[in-house]
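Convention: sequence-line order gives letters A, B, ...; per-chain numbering from 1. Keep in mind it's a predicted model, so treat the numbers as computed, not measured.
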Amino acid sequence: MALSLPLIPAKTLTATTTITQFPENPKTLNLKQCKTIKELNQIHAHLIKTRLLHNPRIAQTLLESAAIVLPEPMNYAISIFDKLEEPDSSDYNIMIRGFTSKQSANEALILFKEMCERSVQPDEFTFPCILKACSRVHGLKEGMQIHGHVMKSGFGSNGLVQNTLIHLYGNCGEIGVARHVFDAMSERNVITWNSMIAGYTRSGCWEEVVELFRNMIEMDVGFDVVTLVCVLTACGRLADIDLGEWVDEYAEANGLKGNPTLVTSLVDMYAKCDRVETARRLFDQMPQKDVVAWSAMISGYSQANQGREALALFHKMRKTNVEPNEVTMVSVLSSCAVLGALETGEWVHSYIKKKRMKLTVNLGTALVDFYVKCGSLESGIEVFKKMPSRNVLSWTVLIQGLASNGQGKRAIEFFNLMLEENIKPNDVTFLGVLCACNHAGLFDEGRGFLVSMSRDFDIEPRIEHYGSMVDILGRAGLIEEAYQFIKNMPIEPNAVIWRTLLASCKIHKNVEIGEESLQNIVRLEPAHSGDYVLLSNIYASVGRWEDALRVKIQMKDTGVKKTLGCSLIELDGTIHEFFAEDNLHPHSEEIYNATEDMIKQIKLAGYVPNAAEARLDAEEDNKEAYVSYHSEKLAIAFGLIRTSPGTTIRISKNLRVCTDCHNVTKMVSKVFNREIVIRARNRFHHFKDGACSCMDYW
DNA sequence: TTAGGGTTAG
């Protein structure tokens, strides 16, 4: 190995400058007190000059300072190590630890190999050190070889070694093997338990984390902050607020709230347990917030569907000197995706480029997901192609994105490419594939995929897959067959399945099966307003006005509240929110005028308001007016007056698009020569030249 | 000299 000794010239070591600082007997030198490389240089030079470096103990202390105490690169330590006449196991241990702690675990492994070749026997500390190195680089294969070595060397029942083995296997996803080592141990300490719990945490086995924690308490093992951090993570994922609060109280009572990692875990737990305000309070109280704390709070908002708060917090973070990392950006992009905030997300994308952040699999996938969820398919595909590596999730978000945007055939092409690249699809991938078949009208293919997923890929279809199949049949107009399919399903149908059928009944005007569907839905899930609206619309569409009204009244009587329609449009990075008939917007009057204007113009081109739905939605006299001011119409009109001609208008809304709004948007796309993308509750609609990508089925 | 912890997309 190359020698690079940045020696201070001997002449600087004058009695007045340096030597006098040393104690008389250099053996008592505490080299670990060296704070800088310069100090170490001086001592090193002195030891060479006085020949004390030939003393192995002194040399080893120097080595330890260079390799472990100082944060310098390993070159210096290497130069000392290479000069050792006969390095023993403890010298090797120091070097292995140094490499591992300085992120060069591979070099640690090379050195261990060299140690074995030079017949230096590993001691009880060597194995924990080298196993930690394996763990760092997820070197399962190397770790297993060393495990074999451990057994041969007789350290198989050494507690330290076993703890590190648990950590290694847990860290490499071999949680079963980790548990095997754990179960075989005769004595376990807190670290043993924590290593096992940490492994379960890493593998997402949240129930096991809680179970082990309860065992720890029952068996009186004791626990510490590390245990609690893992338990809190599990509480968040399991939405176990009771245990989470218990941990919080324990931490409070035992003065652990000063530990930033623990508080970050509390923030995460509260946010995931739907207590975002509590999380924010804790977050605000943290005196020092690192990137993980910020990311946890941002992702808390993002997951609680509070995208605007997430973005606001991200902007606040940018004013501090804490640099966001890839993980932060994943949550920020997810918020943009949920909000449909294309401009903001595009800005985030350029920010990622400017900061030269690594396009990790997660970050790349989040970007693809963001673009396709904003209906910006080409950008999504471009990012996807540029990703240095992709996993099943990356493919799945792309397939789902293409499918929900009405590009079913293209989605299936990507699915085939995925198989060619030997990426194994999972259950969610198949949801995307079935969705693609649905939107592309690929009826036979859909049926084929449903069979294939269990036969060829060993994935049991879940209720969602059956639901997708019901949708495929319904779209094809095979209502009766869809009904029989539900009856013969191996799983008990839920409200979603019946709702899917109900929606098909609406399109194909099948009153009889529609009625039965609603009965089933009401039985399973009484308080869902959309179903009543759908049935009511079915009656209306076949002219059964009294029945339609009866359903409306029934809806009122049973206390089912209609969800308020809400549409969002982003202009110059600001998100504007509209509710049906609202006048909350500061430019309300202007927007209403624009909406009237828009309707007037499309009427000239032949638009006739949809009487059926208008009639039902209307309160008394102002029948037409009511539908005219559905939230997406207001948002589109606002988009028309605030963007330059030809610009694509992008809206996201919380409900399905109603028939009248769908007609209006088609007409607007033609009359005003605009592409309009509406992201609705269940799918995307791309309007262009008077037609929609959903082919009028949604 | 030795072992364990928090944030991320479908």
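Distances from the side chain of A/N189 to the nucleotides B/dA3, B/dT1, B/dT7 place B/dA3 closest. With distances taken from any side-chain atom of A/N93 to the nucleotides B/dG10, B/dG6, B/dT1, the minimum falls on B/dT1. In the set B/dG10, B/dA3, B/dT7, B/dT7 carries the atom at the smallest distance from any side-chain atom of A/K272. Residue A/Q400 has its side chain nearest to B/dG10 when only B/dT7, B/dG6, B/dG10 are considered. For A/V330, taking side-chain heavy atoms from C-beta onward, the closest of the listed nucleotides B/dA9, B/dT1, B/dT7 is B/dA9. Of the listed nucleotides (B/dG6, B/dT1, B/dG5), B/dT1 has the atom at the smallest distance from the side chain of A/S90. Picking from B/dG5, B/dA3, B/dG10 the nucleotide with the shortest atom distance to the side chain of A/K132 gives B/dA3. Distances from the side chain of A/S299 to the nucleotides B/dG10, B/dT8, B/dG5 place B/dT8 closest. Checking B/dT8, B/dG5, B/dA9 against the side-chain heavy atoms of A/T365 singles out B/dA9 as nearest.
Around the CG atom of A/D458, the shell of radius 6.0 Å holds no more than 12 heavy atoms that belong to other residues, nucleotides or ligands. The number of heavy atoms from other shown groups lying within 6.0 Å of CG (A/D224) is above 12.
The base of B/dA9 has none of its N or O atoms less than 3.5 Å from a complementary donor or acceptor on the side chain of A/D369. Put simply, the side chain of A/S265 and the base of B/dG6 share no donor and acceptor less than 3.5 Å apart.
When the P atom of B/dG10 is taken as reference, atom CG of A/L393 falls 8 Å away, rounded to whole Å. Atom pair A/L402:CG and B/dG10:P shows a separation of 16 Å (rounding to whole Å applied). Between the CE atom of A/M196 and the P atom of B/dG5 there is a distance of 13 Å, given to the nearest Å. When rounded to the nearest whole Å, the span between CD1 of A/I197 and P of B/dA3 equals 19 Å. Rounded to a whole Å, the CD1 atom of A/I96 is 12 Å from the P atom of B/dA3. The nearest whole Å value for the distance from the NZ atom in A/K257 to the P atom in B/dG6 is 19 Å. Residue A/N325 contributes atom CG, which lies 11 Å from atom P of B/dT8 at whole-angstrom precision. A straight line from CH2 of A/W294 to C1' of B/dG6 spans 17 Å, rounded to a whole angstrom.
One N or O on the side chain of A/N189 and one on the backbone of A/I191 form a donor-acceptor pair closer than 3.5 Å. Listed for the A/H138 side chain is a donor-acceptor partner under 3.5 Å among the backbone atoms of A/N171. In this structure a side-chain-to-backbone donor-acceptor pair under 3.5 Å is present from A/R679 to A/K373.
A heavy-atom distance below 4.0 Å to DNA chain B is reached by these residues of residues 424-433 of chain A, ordered by number: A/N426, A/V428.
At the heavy-atom level, A/I94 lies nowhere under 4.0 Å from the strands shown. As judged by a 4.0 angstrom heavy-atom cut-off over every strand, A/D88 is placed among residues making no nucleic acid contact. Nucleic acid contact class of A/R237 (heavy atoms, under 4.0 Å, all strands): sugar-phosphate only. Within 4.0 Å (heavy atoms only), A/V263 reaches no atom of the nucleic acid at all. Counting any heavy atom pair closer than 4.0 Å across all strands shown, A/D268 reaches sugar-phosphate atoms only and no base atom.
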* Asked: Stepwise, does the ring pair (Phe, Tyr, Trp, His ring centres under 6.0 Å) test hold for A/W193 with A/F182?
  -> CA-CA 8 Å; A/W193 286 83; A/F182 178 84; 5.2 Å; yes

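If you look at A/H180 and A/Y169, their ring centroids are not closer than 6.0 Å. For A/H147 and A/F155, the ring centers are positioned 6.0 Å apart or more.
At the phosphate of B/dT7, neither OP1 nor OP2 sits under 4.0 Å from any side-chain N or O atom of A/Q303. Between A/R136 and B/dA3, a side-chain N or O to OP1/OP2 separation shorter than 4.0 Å is absent. For A/K373, a side-chain nitrogen or oxygen approaches OP1 or OP2 of B/dG10 to under 4.0 Å.
Note that A/K289 lies in the cation-pi zone of A/F283, set by a 6.0 Å cut-off to the ring centre and a 45° limit from the axis.
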